[in-house]
Amino acid sequence: MGLSLYRKKRVFNKTPEPRSGKSGNGPLIFVVQKHKDKFASEADITLKDRSVISRKTIEKMTAKEKDAAKAGARKTLPEKSTRIPAADSKRKTLLHPTEKAQTKKINGKELYFTNLNKTFWKEEKITKRDLLNYYYQVAPYILPFIKDRPQSLYRFPDGYKGKSFYQKDVTGKVPDWATTYLYHSEGDKQDKHFLVATDEASLLFMVNFGCIDINPWSSTIKKPDRPDWCLLDLDPGAKTTFNKVIDAANAIHNLLNDIDVPSFPKTSGSTGMHIYIPLGKKYTYEQSKEFARVVVTMVQRQTSRFTTIERPLHERQGKLYLDFLQNRPQATLAAPYSVRPKPGATVSMPLHWEEVKHGLKMKDFTLKNVPSLLEERGEIFKPISGKGIDMMAALKRLQQADEADTSQSHREKTTVA
DNA sequence: GCGACCT
DNA sequence: AGGTCGCAACGCTTC
DNA sequence: GAAGCG
């Protein structure tokens, strides 16, 4: 329960017209209503979006990006990054370069690695051994974001183009030393168990099991109802360029900056981007989802030319889908530093916001270059599992920003008129 | 990838 | 001994 | 009530 925000009435256009820079899309829509628990002291919040919220910053941003695109180069800047000694170049490869199977002791557990010579990416000549070596090298970086979290296994026993399947229930399929998490599905009385990642051994076990990407819950088994972070998933349609994804990401960043909410971007490794907002295990999935709904709704209205929050594919018209529904129990997204089952063995790569600009390419980050990149750049995603935002304060600021922009748009209109 | 269950 | 099979499932939305 | 979506 908790913060419940619902659509009162859908008024805005399903296929919004290209904004000619004049008016918004009409009155809103959302009412954030208090419920008796967590936010009992808060008054109802009504956003009357005229959808002019940060248009200027968007336009500014777009101009800046044009310059940047002209200038070419993408600069990186390690600000506050953490070098993780264990992942420095001293951390060598895990596996023998030619043996097709091999036993290794990891975290005191015997792991039998199989089919090491099997090709997982044909074009790039990447083998299962390469994949295991990759995760061994980045284990110190990825583990904080998967540790103690139940995993959805997405298995590709024959490489990224081969037959694949999802697996949640691992009852009887994993070694005795593995940690699992009891669950029941539907009206099923049968005991089922998620695999829980706990350490390097469990990570490498998953990879040997055919998992190319790692898909953890947003919460840990210690507090399964309280996600560490809120997720915004930018999922481009077929005819959306990656530069548009970048525009939308920056629009989200600008809005969140305006309300003092920290956010952390990464490439998805597939076609889109993911943005993380730290919640510090303070809120429910429901609250996280509704917060995300407000944010993407406001951003969608600023960027209605090329984004949508409509779920049915045919409603999207090839636009960039701003997905906030991943903020629910048991939903997963590829973890930071996860390889993806995609051409080029792309990696879901955490970025500095300054890097999120035109010219950035998904294939800038792959299994081949990420380990050495990490040595240079260090860890930058730590804050996503740190101190969380004050969601109520953020919503208030969101409303204030909304109202300020609304009245500003009125002023502009009357001045012009 | 691998165990369960057929032939 | 070899072949085939199964291996997720939930909230939301529209039809 | 079923079927699509992620």
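Naming: A, B, ... by sequence-line order, numbering from 1 per chain.
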State, without any angle test, whether [X] and [Y] hold a side-chain donor-acceptor pair at a distance under 3.5 Å.
| X | Y | result |
| --- | --- | --- |
| Asn250(A) | Lys357(A) | no |
| Asp169(A) | Thr171(A) | yes |
| Tyr321(A) | Glu315(A) | no |

Would you measure the distance from the [atom1] atom in [N] across to the matching atom in [M] and give it in whole Å?
| N | M | atom1 | answer |
| --- | --- | --- | --- |
| dC5(B) | dA8(C) | P | 16 Å |
| dC5(D) | dG6(C) | C1' | 24 Å |
| dA2(D) | dA9(C) | C1' | 16 Å |
| dC7(C) | dG4(D) | C1' | 23 Å |

I want to verify a distance call: between [options], whose nearest atom is closest to the [X] side chain?
| X | options | result |
| --- | --- | --- |
| Gln167(A) | dC7(C), dG11(C), dC2(B) | dC7(C) |
| Asp169(A) | dG1(B), dT14(C), dA8(C) | dA8(C) |
| Arg293(A) | dC2(B), dA8(C), dT13(C) | dT13(C) |
| Tyr166(A) | dA8(C), dT14(C), dG1(B) | dA8(C) |

Applying a 4.0 Å non-hydrogen cut-off, can you work out what [X] is touching in the nucleic acid: base, sugar-phosphate, or nothing?
| X | answer |
| --- | --- |
| Lys128(A) | sugar-phosphate |
| Phe165(A) | base |
| Tyr154(A) | nothing |
| Thr114(A) | sugar-phosphate |

Just the endpoints, please: which first and last nucleotides of DNA chain D, 5' to 3', lie under 4.0 Å from a heavy atom of chain A?
->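 That gives a stretch of dC5(D) to dG6(D).
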Provide, to the nearest angstrom, the distance between the CZ atom belonging to Phe156(A) and the P atom belonging to dC2(B).
->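 These atoms are roughly 17 Å apart.
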Answer with yes or no whether Arg328(A) presents, from its side chain, a donor or acceptor under 3.5 Å of a partner atom in the base of dG11(C).
->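 Side chain to base: no pair below 3.5 Å.
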Would the [X] and [Y] ring centres measure less than 6.0 Å apart?
| X | Y | value |
| --- | --- | --- |
| Tyr160(A) | Phe120(A) | no |
| Trp229(A) | Phe381(A) | no |
| Tyr276(A) | Phe264(A) | no |

